[in-house]
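Reviewing the structure listed below.
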Amino acid sequence: MIRPKFNNTSVTVIASIVFAAFLFLLPTGFEGALQFRDAVKCKALVEEVDNSRIIDTGLIRTGQQVCSVRFLNGKFKGMTAQGWNMLTGSLSQDKFFVPGDKAQVVVHWQEAELGEGSEDEIGGSEGKIEFLSVNLIDYYRLKGELILAIAFAVFLIAFAGGTGVRSVLSFVITVLTLWKVLVPMYLKGYDPLLCGCAVTVLLTVIILSLVYGFDRRLLSSASGALLGIGFAAVLAVICTKTFKIHGAVMAI
C-alpha cells in the first residue's frame with residue numbers, strides 16, 4: 001500500500017493565514033493616540049481654489065492655497081468647508097490642487113455651542129458642527145491603489161497558481177508585520193537594530209517556508225539568508241561608528 005505523501009506546504013499556508021488574521025486583529029497601542037482624537041480623515045472634492053496667497057519663485061511655490069471642498073464620505077458627507085493646502089517650496093512633497101481634484105483631507109472639528117455663528121459651521125436637526133481646520137494632505141489615490149493591488153493579485157494567481165497564492169499571502173504578512181509589529185515597536189522606543197533584525201528573521205523564515213515548506217531546502221536557504229542579514233547588521237554597526245554616519249535620509 002502506497003501512503004500519500006504529506007504536503008507540508010498546505011500546513012504552512014494554513015498556519016500563515018491564521019498568523020495573518022492574528023496580526024490583523026493585533027492592537028498596536030496607538031489606536032487612541034491624542035493626535036487622532038477629534039480628527040477625521042476623509043475624501044473631499046475640490047470645488048474652488050484661491051491662489052492669491054501663493055508666492056511663485058520660478059518653479060518654487062510657497063504660501064497657502066485656500067480650497068473650497070465638499071466631503072464625499074464619512075461623517076461629513078455632503079457638507080462643504082474651507083480647506084488649506086500649505087506649500088513649503090518642496091517640489092517632491094507639495095501638492096497643487098485644481099477644481100475637480102479629489103483630495104485626502106484631515107478634519108479637526110468640534111460640536112459648536114448654540115447661538116454661535118460662523119461660515120465654517122453646519123447647522124441642522126442633528127446639531128451644529130464647527131470645523132476647526134481642514135487640511136488637504138494629498139491627492140486621494142486609495143481607490144486606484146486598491147484596484148491595482150487586486151489586479152496584481154488576480155493576475156499573479158492566474159499565471160502562477162499555488163505559487164501565486166503563496167506569494168500574495170507572503171506579501172500580506174509582510175505588510176501586516178511592518179504595520180502591526182515593527183512600526184509600533186519603533187514608536188515605543190525599542191532598539192531599532194534588534195527589532196529590525198528580529199522582524200527580518202521572522203519574515204525570512206515565513207516567506208521561505210511558504211516557498212519550500214518545512215524541509216532541508218528551507219534550512220539551507222534560511223541559513224544563507226540569515227547569515228547575510230547578520231553580516232550586514234554587524235558591518236552596519238561597525239561602519240556607522242567608524243565613519244560617523246548619522247543615518248539621516250531627509251534634507252532639512
Side-chain angles (χ1 to χ4, degrees), residues 20-51 53-54 61 63-88 90 92-114 116-155 168 171-181 183-184 187:
F22 168 76
L23 287 175
F24 183 77
L25 298 175
L26 180 69
T28 63
F30 294 94
E31 288 78 9
L34 290 176
Q35 60 266 35
F36 296 114
R37 294 179 183 175
D38 299 326
V40 176
K41 287 184 179 181
C42 58
K43 178 173 65 171
L45 175 67
V46 179
E47 296 185 329
E48 297 179 5
V49 297
D50 178 5
N51 299 327
R53 303 185 187 186
I54 295 177
R61 285 175 167 172
Q64 302 171 340
Q65 185 183 33
V66 184
C67 304
S68 297
V69 300
R70 179 178 298 275
F71 302 110
L72 300 178
N73 63 358
K75 180 181 180 67
F76 313 116
K77 183 176 181 180
M79 299 181 181
T80 59
Q82 190 178 74
W84 299 85
N85 175 32
M86 305 301 296
L87 301 175
T88 62
S90 172
S92 61
Q93 297 181 11
D94 287 345
K95 310 295 184 297
F96 190 80
F97 296 95
V98 297
D101 284 341
K102 292 180 181 178
Q104 179 85 357
V105 300
V106 175
V107 183
H108 290 267
W109 63 283
Q110 67 180 9
E111 295 288 345
E113 297 179 1
L114 294 177
E116 292 186 355
S118 170
E119 63 179 1
D120 290 335
E121 290 180 8
I122 303 296
S125 59
E126 297 180 357
K128 287 188 175 181
I129 292 176
E130 179 183 0
F131 295 119
L132 302 178
S133 66
V134 179
N135 297 315
L136 286 73
I137 58 175
D138 207 340
Y139 296 106
Y140 188 85
R141 304 186 179 97
L142 295 181
K143 183 177 180 180
E145 291 173 347
L146 180 61
I147 292 174
L148 287 176
I150 294 175
F152 170 76
V154 169
F155 281 108
V168 172
F171 177 77
V172 171
I173 290 177
T174 300
V175 172
L176 288 174
T177 303
L178 296 179
W179 171 32
K180 291 286 193 171
V181 179
V183 174
L187 294 175

Using side chain to side chain contact (heavy atoms under 4.5 Å, CB included) as the criterion, list what pairs up with [X], not counting sequence neighbours.
{"X": "T88", "result": "S90, D94"}
{"X": "S133", "result": "H108, N135"}
{"X": "V66", "result": "D50, R53, Q82, W84"}

Report task. Identify, with sequence neighbours excluded, every residue that meets ring pair (Phe, Tyr, Trp, His ring centres under 6.0 Å) alongside F97. Result ->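 Residues passing ring pair (Phe, Tyr, Trp, His ring centres under 6.0 Å) with F97: Y139.
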Requested in this report: First locate atom CZ of R141, then atom NZ of K43, and finally report the distance between them rounded to the nearest 0.5 Å.
Outcome: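 So the gap between those two atoms works out to 14.0 Å.
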Query - Separation between CG of L23 and NZ of K180, rounded to the nearest 0.5 Å - result: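 Atom-to-atom, L23:CG and K180:NZ are 8.5 Å apart.
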Close side-chain approach of [X] to [Y], heavy-atom, < 4.5 Å:
{"X": "V183", "Y": "F30", "answer": "no"}
{"X": "V105", "Y": "C42", "answer": "yes"}
{"X": "V46", "Y": "L136", "answer": "yes"}
{"X": "Y140", "Y": "Q104", "answer": "yes"}

Report task. Kindly assign one of parallel, tilted or perpendicular to the pair F76 and F131, based on the angle between their ring planes and the thresholds 30° and 60°. Result ->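 The rings of F76 and F131 stand perpendicular, inter-plane angle above 60°.
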Query raised in the report: Do the ring planes of W179 and F24 sit parallel (below 30°), tilted (30 to 60°) or perpendicular (above 60°)?
Result: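 Perpendicular, since the angle between the ring planes exceeds 60°.
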Query raised in the report: Got a sec, which residues hit side-chain hydrogen bond (donor to acceptor under 3.5 Å, both in side chains) with T174, two or more places apart in sequence or on another chain?
Result: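 Once residues adjacent in sequence are excluded, T174 has no partner under the side-chain hydrogen bond (donor to acceptor under 3.5 Å, both in side chains) criterion.
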Query raised in the report: Under the side-chain hydrogen bond (donor to acceptor under 3.5 Å, both in side chains) test, which residues partner N51, sequence neighbours left out?
Result: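 Residues passing side-chain hydrogen bond (donor to acceptor under 3.5 Å, both in side chains) with N51: Q65.
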Show the nearest heavy-atom pair for residues [X] and [Y], with the distance to one decimal.
{"X": "F96", "Y": "N85", "answer": "CA-ND2, 4.2 Å"}
{"X": "V134", "Y": "A81", "answer": "CG2-CB, 4.1 Å"}
{"X": "G100", "Y": "L45", "answer": "O-CD1, 3.6 Å"}

Salt bridge (Lys or Arg N to Asp or Glu O under 4.0 Å) with [X]: which residues, sequence neighbours excluded?
{"X": "E48", "value": "none"}
{"X": "R70", "value": "E47"}
{"X": "K95", "value": "D138"}

All N/O donor-acceptor pairs, side-chain side in residues 148-155, below 3.5 Å, sequence neighbours left out:
none

